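Below you'll find the structure, written out as structure tokens, and then a few comments.
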2 protein chains.
Amino acid sequence: MSPALTSETIEMYLKSICELETIESPVAISQLAQRQSVSSPAVIEMVKRLAAKELVTHTPYKGVALTVTGKKRAHNVLRRHRLWERFLVDVLNLPWENVHDCACRLEHATAPAVTESLAALLQHPVRCPHGNPIPDADGNLPDDEKLPLAALEIGQSATLVSVGYEETILLDYLSRRGFFPGVTLTVEDIAPYQGPLMVLIEGREQPCALGREIAGRVFVTMDSGEG
Amino acid sequence: MSPALTSETIEMYLKSICELETIESPVAISQLAQRQSVSSPAVIEMVKRLAAKELVTHTPYKGVALTVTGKKRAHNVLRRHRLWERFLVDVLNLPWENVHDCACRLEHATAPAVTESLAALLQHPVRCPHGNPIPDADGNLPDDEKLPLAALEIGQSATLVSVGYEETILLDYLSRRGFFPGVTLTVEDIAPYQGPLMVLIEGREQPCALGREIAGRVFVTMDSGEG
DNA sequence: ATATAAAATTAAGTTACCCTAATTTTAGTC
DNA sequence: GACTAAAATTAGGGTAACTTAATTTTATAT
């Protein structure tokens, strides 16, 4: 015998592909490479292995997409990830902006029985602390009606529902400026395009730079505005 | 750059060496190979890598021993392992005999902040569900005064404190026969050596085969007898 | 003291997963 | 439609972690 494709590696890639698919599909090799912090050839190689297992389809020079099986597996990882995040915040009282990295490690080390007991302990939460929906035990992920921040105009208010792009550096940046799910924002000004998108929050002095500078796109999604 | 010795692999080996050291020191390569379910050459190679990192010392043809640094790291793994076991049993209500495997995976994916928050949540438990002591945050592991089951004679009673050799198949075997930490046993008969060591528990009909058939040695340890 | 079984080690080879450098394909511009 | 920059891919190479087979060392029995 010989070493096999590790379950952890498979899950890491599937999860990234799943998250990137919500932005554009099929997912570009370069996007995956950036997300995984590896070279493009490494991604190509890995994608071929995943395709051999029928977890993804690879259209050369076009990109990668999850198969039905792959998507189910990815949703399962997301479920574990987001349940752990809830646990870390609600039960262990760890700070909102730090739990993502911890969950990224725990999610691959979690047996099904642990996942479901955890869900029961937390009373089957619907969203992670960053506002993203938690897939159910069958791998169903409810499709959010998302309104990106950029869709708001000056004077409009909205409630922040989720931060779709979870990355510690970004979450830290947001938490320092008062951006949490549940917060109501009013757009007071929008900076021109050459810089990052600027948004002013009610009662705050400093403008907040959001989105473009970090993820290359707007990532904060909201409920439909209320003013 | 190139792949590095993974933290998980290091910890798995250190933990095994630490556990085996309590039985015999230095630890034989073959014992490690059996425990890790890999070949002897694989262990040799790994031990050389660990020795290069000054986590173990290897005396050729004799065996392996932990350095001070290695032991500290091993105790840290044991701490995480046993805290997770307590969590899985006490908070998630998973069965006593199944949590070992779950903890074996979680222990390598646990950040220090998670470990300590977990300890606080559990109110800093002293023993894991199998009765083994939990090292403190500094890596200090209290040395149990162990009395092996084989030291008892016919008619003697004792309280089972810990099952030193944690393996799901053994724990399942024991739980089916009523062996848990805290149980008081009376040795009613001891079978001859050619078979496994036999022990009768108070009020039970069936003899229980313990020790030799599974681990090759007696592994159930007790408090000092009380009659 | 020598023969021998068992354990330890070395030798040679495999796959997973990563890299850099070179090449090919695509997409967009003039 | 040819030119070009960027993305994708192939080529070639490396280490970690494993394997089996062959060899060496140790322990043991006669």
Side-chain angles (χ1 to χ4, degrees), chain A residues 1-17 20-21 23-65 70 73 104-105 108-109 216-217, chain B residues 1-17 20-21 23-65 70 73 77 104-105 108 216-217:
Chain A
M1 282 300 154
S2 54
L5 228 174
T6 69
S7 169
E8 180 168 342
T9 310
I10 291 176
E11 291 185 349
M12 276 171 32
Y13 274 84
L14 291 182
K15 184 181 140 198
S16 288
I17 295 168
L20 292 170
E21 254 187 356
I23 300 173
E24 68 171 348
S25 182
V27 176
I29 298 294
S30 51
Q31 288 296 310
L32 253 179
Q34 191 186 339
R35 174 62 80 97
Q36 296 286 122
S37 299
V38 297
S39 66
S40 286
V43 172
I44 292 272
E45 199 174 65
M46 194 60 209
V47 161
K48 282 179 179 170
R49 278 194 276 263
L50 293 174
K53 285 191 169 300
E54 309 209 3
L55 294 166
V56 304
T57 54
H58 180 212
T59 313
Y61 296 102
K62 296 300 176 189
V64 186
R73 184 96 177 258
C104 273
R105 297 177 59 193
H108 307 294
R217 60 178 61 235
Chain B
M1 280 301 154
S2 54
L5 229 174
T6 69
S7 169
E8 179 168 343
T9 310
I10 291 176
E11 290 185 349
M12 276 171 31
Y13 274 83
L14 291 183
K15 184 181 140 197
S16 288
I17 295 168
L20 291 169
E21 255 187 356
I23 299 172
E24 69 172 347
S25 182
V27 176
I29 298 294
S30 52
Q31 289 295 310
L32 255 178
Q34 191 186 338
R35 174 62 81 99
Q36 296 285 122
S37 299
V38 297
S39 67
S40 286
V43 172
I44 292 271
E45 199 173 66
M46 194 60 209
V47 160
K48 282 179 179 168
R49 278 195 275 262
L50 293 174
K53 284 190 169 301
E54 309 209 5
L55 294 166
V56 304
T57 54
H58 180 212
T59 313
Y61 296 101
K62 296 300 176 187
V64 186
R73 183 94 177 259
V77 181
C104 273
R105 298 176 59 193
H108 307 295
R217 60 178 62 235

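Note that the structure is a prediction, hence the values are computed from the model and not measured. Throughout, a chain's letter reflects where its sequence line sits, starting with A, and its residues are numbered from 1.
Straight-line distance from the OH atom of B:Y13 to the P atom of D:dA17: 8 Å, rounded to whole Å. Rounded to an integer number of Å, the gap from A:E8 CD to C:dA16 P is 16 Å. Atom CG of B:L50 and atom P of D:dA16 are 12 Å apart (whole Å). When rounded to the nearest whole Å, the span between NZ of B:K53 and C1' of D:dA16 equals 12 Å. If you measure from atom CG of B:L5 to atom P of D:dT15, you get 13 Å, rounded to the nearest angstrom.
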Is there any protein nitrogen or oxygen under 3.5 Å from a nitrogen or oxygen in nucleotides 8-12 of chain D, and what are the pairs?
unit_1, atom_1, unit_2, atom_2, d
D:dA8, OP1, A:I29, N, 3.3
D:dA8, OP2, A:S30, N, 2.8
D:dA8, OP2, A:S30, OG, 3.0
D:dA8, O3', A:Y61, N, 3.2
D:dT9, OP1, A:H58, NE2, 3.1
D:dT9, OP1, A:Y61, N, 2.6
D:dT9, OP2, A:H58, NE2, 3.3
D:dT10, OP2, A:K48, NZ, 2.6

**Request:** For side-chain contact (heavy atoms from CB on, under 4.5 Å), just list the numbers for B:V38 and B:M46, CA-CA rounded to whole Å, side-chain angles, deciding distance to a tenth of an Å, and then say yes or no.
**Result:** CA-CA 11 Å; B:V38 297; B:M46 194 60 209; over 6 Å; no
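Taking CG from A:L55 and CG from A:L14, the interatomic distance works out to 5.5 Å, rounded to the nearest 0.5 Å. Here the CD1-NE2 distance, from B:I10 to B:H108, works out to 11.5 Å after rounding to the nearest 0.5 Å.
Under the salt bridge (Lys or Arg N to Asp or Glu O under 4.0 Å) criterion, B:R35 pairs with B:E19, sequence neighbours left out.
Using a 4.0 Å cut-off, some side-chain N or O of B:T9 falls inside it from OP1 or OP2 of D:dA17. Between B:S39 and D:dT19, a side-chain N or O to OP1/OP2 separation shorter than 4.0 Å is present.
Ion pairing of A:K15 with A:E11 is absent here, as no side-chain N (NZ or NE/NH1/NH2) approaches a carboxylate O to less than 4.0 Å.
Using a 4.5 Å heavy-atom cutoff, the side chains of A:Q31 and A:E24 are in contact.
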